Amino acid sequence: MTPARSRPLVVVAGLAVAGIIMLAWTQTWFTVHLHAGTAVVASVAADGSKVVPQYTALAIASLALFLAMTIAGRVVRVVLAAVEVLLGVGVAWSGIAALADPIGAARGAVGAVTGVSDLGAVHRTVSSVDVTFWPVVGIAGGVLAVLLGVVVLVVQRSWPGPSRKYASTPADPGTGAHAPGATSTPSAAPVERDAITDWDDLSAGTDPTDGTGRVEGASSHDDAGAERGAP
């Protein structure tokens with residue numbers, strides 16, 4: 001796989017992992033059955049929003065992180081990959097902790113219908129707990145996030161740098177200011193093309209297939225002006 005292709009694939013995989021974590025957060029993790037007479041209902045469904053409320057913040061942070069990787073330089077990519085590993089560890093650890101103590105994790109949902117908040121009292125009102133497969137999905141999402149962060153640490157060294165859209169423009173020698181229409185010096189390193197770079201050029205109004213990098217329509221006006229001004 002070429003470096004130009006690995007970056008979009010890694011970014012898409014990161015978005016998919018964040019989606020898995022968010023999906024697990026919205027589903028029912030535990031169904032808690034209560035002793036008769038302790039509440040007006042016989043059972044309580046505890047979804048991920050009550051069991052692992054931190055999942056949504058971790059998933060959104062991971063989503064933003066992979067979007068930032070599309071324009072980040074090498075040093076920033078290393079930092080983002082390390083943060084992704086930490087986010088994945090947090091997701092996996094939260095899921096494992098909830099799975100190890102379902103009643104404690106569902107204490108808020110149980111307390112809402114029984115009127116008790118003390119963990120010991122909550123345990124006394126619970127007769128049994130049914131566990132769904134969604135905790136495993138959430139934990140798997142965290143493990144995948146850790147692995148993906150490690151993959152980024154390894155492969156990002158071969159990725160091209162930020163596209164010209166996010167690069168600083170050269171300064172005007174006379175004023176020291178950046179000239180809007182100035183082009184890069186001949187010694188500047190060429191930008192390696194990929195789908196993201198082409199998309200940025202199209203957004204800026206530049207034809208990525210034109211080897212000169214000039215905006216479409218500008219050449220005809222410039223040539224006409226040169227002909228009128230010629231002796």
Side-chain angles (χ1 to χ4, degrees), residues 9-69 77-155:
L9 290 178
V10 168
V11 172
V12 170
L15 301 182
V17 169
I20 291 173
I21 297 172
M22 285 294 292
L23 179 62
W25 176 77
T26 62
Q27 302 301 313
T28 298
W29 283 39
F30 310 120
T31 301
V32 183
H33 300 280
L34 307 175
H35 290 294
T38 58
V40 295
V41 294
S43 62
V44 177
D47 59 21
S49 63
K50 297 181 178 65
V51 174
V52 282
Q54 64 272 29
Y55 263 29
T56 178
L58 294 173
I60 292 175
S62 180
L63 181 68
L65 181 149
F66 277 97
L67 290 176
M69 282 188 186
R77 289 196 298 259
V78 171
V79 175
L80 293 177
V83 173
E84 176 65 14
V85 171
L86 295 177
L87 290 175
V89 170
V91 170
W93 177 258
S94 300
I96 292 172
L99 196 58
D101 185 13
I103 298 178
R107 177 173 60 178
V110 174
V113 298
T114 61
V116 297
S117 57
D118 180 72
L119 184 58
V122 170
H123 273 274
R124 288 191 292 271
T125 63
V126 175
S127 60
S128 62
V129 179
D130 295 334
V131 181
T132 67
F133 67 91
W134 286 108
V136 178
V137 174
I139 295 170
V143 173
L144 290 174
V146 172
L147 295 177
L148 197 55
V150 174
V151 168
V152 172
L153 285 172
V154 174
V155 304

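What you see is a predicted model; the values in this text were computed from it and never measured.
- For the residue pair Val122 and Arg107, the shortest heavy atom distance occurs at CG2-CG, 3.8 Å.
- If you take CE on Met22 and CG on Leu58, they are separated by 11.0 Å, rounding to the nearest 0.5 Å.
- Taking each heavy atom of Val131 and Pro135 in turn, the nearest pair found is CG1-CG, 4.2 Å.
- Considering OG1 of Thr125 and CG of Asp118, their distance stands at 10.5 Å, rounded to 0.5 Å.
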Test side chain to side chain contact (heavy atoms under 4.5 Å, CB included) on Thr31 and Val129 and set out the steps. CA-CA 6 Å; Thr31 301; Val129 179; over 6 Å; no
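- Across every non-hydrogen atom of Leu148 and Ala13, the tightest pair is CD2-C, 3.6 Å.
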Applying ring-ring contact (aromatic ring centres under 6.0 Å, His included), run through Phe133 and Trp29 and close with a yes or a no. CA-CA 7 Å; Phe133 67 91; Trp29 283 39; over 10 Å; no
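- Here the two rings, on Phe30 and Trp134, have centers that are 6.0 Å apart or farther.
- Rounding to the nearest 0.5 angstrom, the gap separating the OG1 atom in Thr28 from the CG atom in Asp130 is 11.5 Å.
- Among residues two or more places apart in sequence or in another chain, the side-chain contact (heavy atoms from CB on, under 4.5 Å) test is passed with His35 by Thr38, Ser127.
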Just do the side chain to side chain contact (heavy atoms under 4.5 Å, CB included) check on Val126 and Leu34 with the steps written out, would you? CA-CA 4 Å; Val126 175; Leu34 307 175; 4.2 Å; yes
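- Smallest separation of non-hydrogen atoms from Leu80 and Ala68: CD1-CB, 4.0 Å.
- Scanning both residues, Val17 and Gly141, for their nearest heavy atoms gives CG1-O, 3.4 Å.
- Rounding to the nearest 0.5 Å gives a distance of 8.5 Å between OG1 of Thr132 and CD of Gln27.
- Using modelled atom types and a 3.5 Å distance limit, the side chains of Glu84 and Ser62 yield a donor-acceptor pair.
- Heavy-atom minimum distance, Ala46 versus Val51: CB-CG2, 3.8 Å.
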Quick one, Phe66 with Val10, criterion side chain to side chain contact (heavy atoms under 4.5 Å, CB included). Give me CA distance, side-chain angles, the key distance, then yes/no. CA-CA 8 Å; Phe66 277 97; Val10 168; 4.1 Å; yes
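- Taking CG of Leu15 as the reference point, atom CG of Leu65 lies at 10.5 Å (rounded to 0.5 Å).
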With a cut-off of 3.5 Å and sequence neighbours excluded, list every side-chain donor-acceptor pair involving residues 85-106.
{"from": "Ser94", "atom 1": "OG", "to": "Gln54", "atom 2": "NE2", "distance (Å)": "2.9"}
{"from": "Ser94", "atom 1": "OG", "to": "Gly90", "atom 2": "O", "distance (Å)": "2.8"}
{"from": "Asp101", "atom 1": "OD1", "to": "Gly104", "atom 2": "N", "distance (Å)": "3.2"}

